[in-house]
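The block underneath contains the structure these notes are about, expressed in C-alpha cells.
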Amino acid sequence: MEVKSRAPGKIILTGEHAVVHGSTAVASSIDLYTYVSLHFSTPSDNEDSLKQKLQETALEFSWPITRIRAAFPESTAQLSSTPNSCSVENAKAIAALVEELNIPEAKLGLASGVSAFLWLYSSIQGFKPATVVVTSELPLGSGLGSSASFCVALAAALLAYTDSVSLDLKHQGWLSFGEKDLELVNKWAFEGEKIIHGKPSGIDNTVSAYGNIISFKSGNLTHMKSSVPLKMLITNTKVGRNTKALVAGVGERMLRHPDIMAFVFSAVDSISNELTSILKSPTPDELSVTEKEEKIEELMEVNQGMLQSMGVSHATIETVLRTTLKYKLASKLTGAGGGGCVLTLLPTLLSGTVVDKVVAELESCGFQCFIAGIGGGGVEISFGVSS
C-alpha cells in the first residue's frame with residue numbers, strides 16, 4: 001500500500017510588507033503542488049532504512065533505522081495527535097544526522113528541509129523503514145510557499161496511516177481531510193516550518209493546508225472562497241532575495257518618513273479590503289467577471305506602486321512589469337520583493353496567442369513562467385497499491 005499527498009503553493013495577492021505594520025494582506029493557494037509519496041517497507045523488502053528521494057534535485061538520502069533510533073534515545077514516536085516542537089536536544093541530534101549526509105555545497109539550502117523531514121517522520125511514525133519520494137512543481141526559495149507546501153504534504157501523508165485522522169482507505173482518487181483532521185495536519189506542518197524558518201508566521205502552511213483565500217491582519221485570519229475564477233501568470237525572476245533585509249529596509253524607511261509611510265500602509269490596507277469585497281461578491285454573468293478583473297488589475301497596479309514606494313522592487317521585477325504592460329496586462333511583485341516572483345493577471349477573455357507571446361518574451365529574458373489558477377482546494381490524499 002502506498003499513500004500519496006499533494007499540497008498547493010501560495011501567493012500574496014495584496015498587502016506584503018504593509019501587513020508587518022498593521023495593514024491587511026490577502027493570500028491565496030495556487031494549483032501548483034508539492035507531492036509526497038510514502039511507502040512503508042515490508043519484511044519481504046528486506047529493508048531496514050528510511051529513505052528520502054528529492055526528485056527535482058536528483059538527491060537521495062538514507063539512514064539506517066538503528067541510527068535514527070539511536071539519535072532519539074529518550075522516546076519512540078510522539079503521539080501523532082499531539083504536535084510537538086523540536087527540542088534543542090533533538091535539534092542537535094537531527095543536525096548530526098544531516099551532517100553525515102555530506103550534502104553538496106550547492107544544495108546546502110536543502111538541509112533545513114531534510115531536518116524538518118526527520119523530525120516530522122520520527123515524531124509521527126517513529127522508527128519504521130520506508131521510502132518517501134518528494135516531487136514539486138514549485139521553484140524553491142521564490143516566495144511561492146514551497147517549504148510550507150512540502151511540510152503540509154509530508155504531515156498529511158504521515159498522518160494518513162495513524163489513528164489520529166479518519167480517512168477512507170478504499171476511496172478512489174484525491175480525498176480531502178475533514179476540518180478537525182485538517183487542523184492537525186496544519187499544526188504538524190507548522191512545526192516543520194519552524195525548523196526550516198525559525199519563526200514563521202504560519203500563513204504559508206495555513207494557505208497550503210486549507211486552500212482557497214485567506215485575509216490576515218494583526219494575527220487574525222479569515223478564510224474565504226472566491227467567486228471569481230482568476231488565473232495568474234507567475235514569473236520567477238530567479239533572483240534570490242533576503243527577506244529579513246527587505247523587511248528591515250521598509251521599517252527603516254518608516255522611521256525616516258513616518259507620516260508618509262503611514263499613508264502608504266493605510267492605502268495598502270484599503271486595497272486589500274477592496275480586493276476582498278470583489279472576490280467575495282457574487283458573479284452572475286461574464287460581464288461581471290470582466291468588470292471584476294478590470295478592478296483587480298487596477299488594484300494590482302496601485303499595490304505595485306505602493307511596493308515601489310517602500311523600496312522593495314528590483315530591476316528584474318521592473319523588466320517583467322514593462323514586458324507585460326506592452327500587452328496591457330497588470331502585474332505586481334508577490335512576497336518579499338527584491339527579486340522573487342511577479343504576478344500577472346490573465347483576464348478570462350485574453351487570447352491564448354497573447355499569453356504565448358508574453359511567456360516567450362519573458363522566458364527570453366531568462367525568467368521562468370508558470371500559469372496557475374488561484375483559490376483552489378488545499379491538501380489532499382490518495383491511496384493506491386505501490387508498484
Side-chain angles (χ1 to χ4, degrees), residues 8-30 143-145 148 152 179 182-183 186-187 189-190 193-194 197-228 230 232 243-244 246-255 257-281 292 295-296 298-312 332-337 340-341 343 345 374-376 378:
K10 75 92 179 58
I11 53 175
I12 302 294
L13 289 170
T14 60
E16 45 271 274
H17 286 289
V19 70
V20 177
H21 300 275
S23 299
T24 304
V26 181
S28 172
S29 63
I30 53 176
L144 299 182
V152 170
E179 190 70 22
L182 200 54
E183 183 179 356
N186 192 37
K187 285 181 177 179
F190 185 57
E193 276 279 83
K194 286 197 289 188
H197 293 296
K199 293 183 179 179
S201 67
I203 298 299
D204 286 14
N205 52 277
T206 300
V207 173
S208 184
Y210 288 87
N212 300 313
I213 295 173
I214 292 176
S215 67
F216 51 103
K217 180 177 184 177
S218 303
N220 296 315
L221 305 183
T222 303
H223 296 260
M224 61 180 172
K225 289 186 178 181
S226 172
S227 64
V228 191
L230 297 179
M232 293 282 181
T243 301
K244 286 184 179 179
L246 289 160
V247 171
V250 175
E252 289 166 5
R253 191 167 287 204
M254 175 67 174
L255 293 174
H257 313 285
D259 293 340
I260 295 171
M261 295 305 291
F263 277 112
V264 170
F265 298 144
S266 177
V268 172
D269 188 63
S270 297
I271 291 168
S272 295
N273 291 333
E274 186 171 339
L275 176 65
T276 300
S277 297
I278 293 170
L279 294 176
K280 290 170 66 176
S281 63
K292 285 187 174 184
K295 290 180 179 179
I296 292 171
E298 290 179 347
L299 291 175
M300 288 176 64
E301 289 175 340
V302 176
N303 195 178
Q304 176 59 27
M306 297 295 104
L307 289 161
Q308 287 167 326
S309 72
M310 295 178 208
V312 296
K332 68 172 284 291
L333 67 84
T334 182
C341 289
L343 304 179
L345 182 64
I374 74 162

Enter the distance from [X]:[atom1] to [Y]:[atom2] here, rounded to the nearest 0.5 Å.
X: L307; Y: E16; atom1: CG; atom2: CD; answer: 5.0 Å
X: T206; Y: L182; atom1: OG1; atom2: CG; answer: 9.5 Å
X: K292; Y: K295; atom1: NZ; atom2: NZ; answer: 8.5 Å
X: I374; Y: L230; atom1: CD1; atom2: CG; answer: 4.5 Å
X: L144; Y: K10; atom1: CG; atom2: NZ; answer: 6.5 Å
X: M261; Y: S309; atom1: CE; atom2: OG; answer: 5.5 Å

Looking only at heavy atoms, what is the nearest atom pair of [X] and [Y], with distance?
X: T276; Y: S215; value: OG1-CB, 4.3 Å
X: I213; Y: G375; value: CG1-CA, 4.1 Å
X: S227; Y: I278; value: OG-O, 4.2 Å
X: G311; Y: R253; value: N-NH1, 3.5 Å
X: K332; Y: I12; value: NZ-O, 3.5 Å
X: L333; Y: V312; value: CD2-O, 3.7 Å

Inset, instruction - Report the residue from N205, L221, N186 that forms a side chain to side chain contact (heavy atoms under 4.5 Å, CB included) with Y210. - result: N186
Legend entry - Passing candidate, side chain to side chain contact (heavy atoms under 4.5 Å, CB included) with N212, options H223, K225, M224: K225
Legend entry - Flag for S272-K217: side-chain donor and acceptor within less than 3.5 Å: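 The criterion, which ignores hydrogens and geometry beyond distance, is not satisfied for S272 and K217.
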Inset, instruction - Taking atom CD of Q308 as the centre, report whether more than 12 heavy atoms of other residues, nucleotides or ligands fall under 6.0 Å from it. - result: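 More than 12 heavy atoms, drawn from other residues, nucleotides or ligands, come within 6.0 Å of this atom.
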Inset, instruction - Kindly check if the number of other-residue, nucleotide or ligand heavy atoms within 6.0 Å of NZ (K187) is above 12? - result: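 Counting other residues, nucleotides and ligands, NZ of K187 stays at 12 neighbours or fewer.
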Inset, instruction - Determine, step by step, whether L279 and I296 satisfy the side-chain contact (heavy atoms from CB on, under 4.5 Å) criterion, reporting the C-alpha distance in whole Å, the side-chain angles of both residues, the deciding distance to 0.1 Å, and the verdict. - result: CA-CA 9 Å; L279 294 176; I296 292 171; 4.1 Å; yes
Between [X] and [Y], is any pair of side-chain heavy atoms under 4.5 Å apart?
X: I30; Y: P8; result: no
X: V250; Y: F265; result: yes
X: H21; Y: V268; result: no

